[in-house]
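Structure first, then comments.
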Amino acid sequence: MEEKKETLNFIEQIITNDLETGKHKQIITRFPPEPNGYLHIGHAKSICLNFGLKETFNGKTNLRFDDTNPSKEEVEYVNSIIDDVHWLGFEYDNLFYASDYFQQIYEWAVMLIREGKAYVDEQTPEQISEQRTNPTVPGIESPFRNRSVEENLRIFQEMKDGKHDEGSMVLRAKVDMNSPNMHMRDPIMYRIIKKHHDRTGDKWCIYPMYDYAHGQSDYIEGITHSICTLEFEVHRPLYEWFLDQIDTTGKRPRQIEFARLNVSYTVMSKRKLLELVTNKYVSGWDDPRMPTISGLRRRGYTPESIRNFAERIGVAKRENMIDVGLLEFFIREDLNKRANRVMAVLDPLKVVITNYPDGQTEQLDSGNNPEDETAGTRKVNFSKEIFIEREDFMEDAPAKFFRLKPGGEVRLRNAYFVKCNEVIKDKNGNITELHCTYDPDSKGGQSPDGRKVKGTIHWVDSKTCIDAEVRLYDRLFTKENPDDLAENETYLDYLNPDSLKTITAKVEKSLESVNPGDKFQFERKGYFCVDKNSAPGKLVFNRTVTLKDSWSKIATN
RNA sequence: UGUCCGAUGGUGUAAUGGUAGCACUUGUGAUUUUGGUUCAUACAGCCAAGGUUCGAAUCCUUGUCGGACAACCA
């Protein structure tokens, strides 16, 4: 099960060492989302890391919701997060909530008060902030810092009993107001929040802060390696300080930080993603343009492609910006192997095959996937009138244009050679249809006389094809890094107005009974996925990604 | 001008004192009933300066550049 990789990332090296020296017999990691939004591709990196460690080292991984702030968190998010983790293909060993530990965490807080290491501060947030000053000068001690243990105990009890208002007081740890690390300047441990909590109901009206609750939760669960992103690096001394207060076993978690994922042409902060959703810039958290896991899923991404992506980008401590093209590479790689090919014309141009018998329809054999023989074949209807892609015909074509042109011959995929004889236009000069002749001997796409035809184009039979709504997605932002802004700018200034184009395409009849989530390659156009709102008679396809297109490079030169 | 962290081709990521490799991207060519796939091939990198060493991407020093930190968010 343990596949040997040639190289280990720095976290794997730490773990390998911990196992070899006997510091740990088995590792336990955790993925600790706050249920205040949907998971995105950056979380997928973290999930793949934490659960990947479990698989590599035969350890365990808990899913733990960091539900310490009922004013921001919702059950909908809990459910979506569980779904996303499963969809990615991971199984957690335990499902926990930080709220499971509220009683224990509270008792430890009381213990700290008794030891003179915590106190109730009745100042305003502004006063507390001012006294912390800034990192270059020492802080100022709160006037409440040295009140008696008895008084602290009494008032903290009153806070717990709901006798004080939100914002009127907090419990602070007595650490070091002179520390150059701002997080050590008597951090807040508890604040009053009089909100219903989804799991503990109205039992509590004081809630622990992240810095206090997180490490203690890790400790309770026996987490060996607590992996988080770089911005928590400055918190580590405080994480250790809180652990110092309760650690009697000597076995404590070690916090390790890595660089979060950034992907070009998108944003990754939950705050911004929430804003996109609530202000309706997108249709929801699972809008296929969103970098959320549910958005990528609806877009047509597979769990394997995302896991391969996460594996390839690696884990390190330096800031990074991954080209969205790398993500696209992995979904193309995956879908190339598994998506069946079908024909769909996105921008139809009518073609009449003048020498084909009126009223005749024949069924031609078409391979489903040249990369996978077991995918088999299907029958595709062909008749006198078909549609081809408008861009596959050019009246004044350059020499390198291999597709259809006046007097030129082209192969219809899986069908016949056709030659264009006549271009029909309306009074405005727009091409409305083409008249072609076909070579009956070229059935299947090869001529017995051995003559070569360079171009092959896709088509659909006009009589039996069906209309389908097709949503062409593009990147959500026009700027590589929408967070890199000049003054007076907002990331919303760089929303791509063309990130979604909805068209009606003509698709082959075999697609009439597809199901949501089914994935296809529309030959020569890209990979498409059946949307969750698709229904028989009203098909909806989402474009996952285009095929690589070396012609467009030639054409634009 | 506080503390902490980081710096390897265009983008990511390896090397753990001993030949700077891999993937993506890009260029060229071959194959091809998808201008797809596949195959071959090429371009391109150690932030800078000192020091230690037979030997430095790696260790040390200094500098430069980038990032994080001053919510009763996580």
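Per chain, numbering begins at 1; letters A, B, ... match sequence-line order.
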Once side chain to side chain donor-acceptor pair (under 3.5 Å) is applied, what residue pairs with a partner in residues 256-265 of chain A remain, sequence neighbours excluded? A:Glu231-A:Arg260, A:Arg236-A:Glu257, A:Gln255-A:Glu257

With respect to the side chain of A:Pro180, which nucleotide from B:rA74, B:rG2, B:rU34 is positioned closest? B:rG2

Please identify each residue that fulfils side-chain contact (heavy atoms from CB on, under 4.5 Å) with A:Asn62, with sequence neighbours left out. A:Ile28, A:Arg30, A:Asp93, A:Asn94, A:Phe96, A:Glu221, A:Ile223

With a cut-off of less than 4.0 Å, is there a side-chain N or O of A:Arg341 near OP1 or OP2 of B:rG36? no

B:rA74 and B:rA20: how far apart are their P atoms, nearest whole angstrom? 50 Å

Pairwise P distance, B:rU19 and B:rU58 [rounded to whole Å]: 14 Å

Quickly work out the A:Glu257 CD to B:rG6 P distance and round it to whole Å. 10 Å

Any side-chain N or O of A:Ser129 under 4.0 Å from OP1/OP2 of B:rA71? yes

What nucleotide among B:rG35, B:rG36, B:rA14 has an atom nearest to a side-chain atom of A:Ala316? B:rA14

Can you pull every protein N or O that's under 3.5 Å from an N or O on nucleotides 26-32 of chain B?
residue: B:rU26; atom: OP1; partner: A:Lys553; partner atom: NZ; Å: 3.1

How far, in whole Å, is B:rC47 from B:rA15 if one measures between their P atoms? 15 Å

Report yes if at least one side-chain N or O of A:Gln255 is closer than 4.0 Å to OP1 or OP2 of B:rC4; otherwise report no. no

Could you give the distance separating B:rG10 and B:rU62 at their C1' atoms, to the nearest angstrom? 31 Å

Taking B:rA74, B:rC22, B:rC72 as options, the one with an atom nearest any side-chain atom of A:Arg312 is B:rC22

Please state the P separation for the pair B:rC22 and B:rA44 - nearest whole angstrom. 15 Å

Whole-Å C1' distance, B:rA49 and B:rU64: 10 Å

Tell me whether the OP1 or OP2 atom of B:rU34 has a side-chain N or O from A:Arg411 closer than 4.0 Å. no

Look at the side chain of A:Arg318 and decide which nucleotide, out of B:rU37, B:rA70, B:rA14, has an atom nearest to it. B:rA14

Closest to side chain of A:Phe329, choosing from B:rA14, B:rC73, B:rC24: B:rC24

Among B:rC72, B:rA70, B:rU13, the one nearest A:Val170 by side-chain distance: B:rC72

Let me spell it out: for each of A:Tyr210 and A:Leu412, pick the nucleotide of RNA chain B with the closest heavy atom. Which residue's pick is nearer the 5' end? A:Leu412

For residues A:Phe309 and A:Tyr301, establish whether the separation of their ring centroids is below 6.0 Å. no

So how far is it from A:Asn336 CG to A:Ile331 CD1, rounded to the nearest 0.5 Å? 11.0 Å

Given B:rG12, B:rG67, B:rC72, which nucleotide is nearest the side-chain atoms of A:Glu319? B:rG67

Establish, with yes or no, whether the OP1 or OP2 oxygen of B:rC24 is under 4.0 angstrom from a side-chain nitrogen or oxygen of A:Arg332. no

Among A:Val470, A:Leu511, A:Thr544, which one satisfies side chain to side chain contact (heavy atoms under 4.5 Å, CB included) with A:Phe528? A:Val470

Could you tell me whether A:Gly325 contacts a base, only the sugar-phosphate backbone, or nothing, with contacts defined as non-hydrogen atoms closer than 4.0 Å? nothing

Any idea which of B:rA70, B:rG35, B:rG36 is nearest the A:Asp549 side chain? B:rG35

Any A:Asn336 side-chain N or O less than 4.0 Å from OP1/OP2 of B:rU37: no

Considering only heavy side-chain atoms of A:Met209, the closest of B:rC69, B:rA74, B:rA14 is B:rA74

If anything within 90° of 0 is syn and all else is anti, what is B:rA71? syn

Pair A:Phe402 + A:Trp551: ring centers closer than 6.0 Å: no

Pick out which of A:Tyr212, A:Tyr190, A:Phe102 makes a ring-ring contact (aromatic ring centres under 6.0 Å, His included) with A:Tyr207. A:Phe102

Nearest nucleotide by nearest heavy atom, which residue falls closer to the 5' end of RNA chain B, A:His183 or A:Ile192? A:His183

Flag the pair A:Arg132 / A:Met182 as yes when at least one side-chain heavy-atom distance between them is below 4.5 Å, and no otherwise. yes

Just to confirm, is there a sub-4.0 Å distance from OP1 or OP2 of B:rC73 to any side-chain nitrogen or oxygen of A:Arg191? yes

For the C1' atoms, the ones on B:rC46 and on B:rG18, what distance do you get once it is rounded to whole angstrom? 16 Å

From CZ of A:Phe10 over to C1' of B:rC5, roughly how many Å is that when rounded to an integer? 11 Å

Nearest 0.5 angstrom please: A:Met268 CE to A:His43 NE2, how far? 9.5 Å

Please determine which of A:Thr456, A:Leu404, A:Asp439 meets the side chain to side chain contact (heavy atoms under 4.5 Å, CB included) test together with A:Arg411. A:Thr456

Separation of A:Ile128 CD1 from A:Glu122 CD (nearest 0.5 Å): 10.5 Å

For a quick check, tell me whether the side chain of A:Glu371 and the base of B:rU38 share a donor-acceptor pair closer than 3.5 Å. no

In whole angstrom, give me the gap between the C1' atoms of B:rG17 and B:rC54. 12 Å

Output yes when at least one side-chain N/O atom of A:Thr7 is less than 4.0 Å from OP1 or OP2 of B:rA15, else no. no

Classify the side-chain pair A:Thr377/A:Asp365 by whether it contains a donor and acceptor separated by less than 3.5 Å. no

Please work out if A:Tyr416 contacts a base, only the sugar-phosphate, or nothing of the nucleic acid, heavy-atom cut-off 4.0 Å. nothing

Hey, do the aromatic rings of A:Phe144 and A:Tyr119 have their centres closer than 6.0 Å? no

Are A:Trp551 and B:rG35 stacked, counting the six-membered base ring, centres under 5.5 Å, planes under 30°? yes

Using Watson-Crick and G-U wobble pairs whose two distances are both under 3.5 Å, how do you write the pairing of RNA chain B as dot-bracket, with | for links to another strand? .((((((..((((....[..)))).(((((.......)))))....(((((..]....))))))))))).....

Among A:Glu523, A:Arg524, A:Arg413, A:Lys525, find the residue that satisfies the side chain to side chain donor-acceptor pair (under 3.5 Å) test when tested with A:His458. A:Arg524

Between B:rU13, B:rA70, B:rG35, which nucleotide has the shortest distance from any of its atoms to the side chain of A:Arg403? B:rG35

With A:Met184 via side-chain contact (heavy atoms from CB on, under 4.5 Å) - residues at least two apart: A:Val175, A:Ser179, A:Asn181, A:Pro237, A:Leu238, A:Trp241

Heavy atoms within less than 4.0 Å of RNA chain B: which residues of residues 225-240 of chain A have one? Give them sorted by number. A:Glu231, A:Phe232, A:Glu233, A:Val234, A:His235

Quick one: is A:Arg185 getting a side-chain N or O under 4.0 Å of the B:rU3 phosphate, OP1 or OP2? no

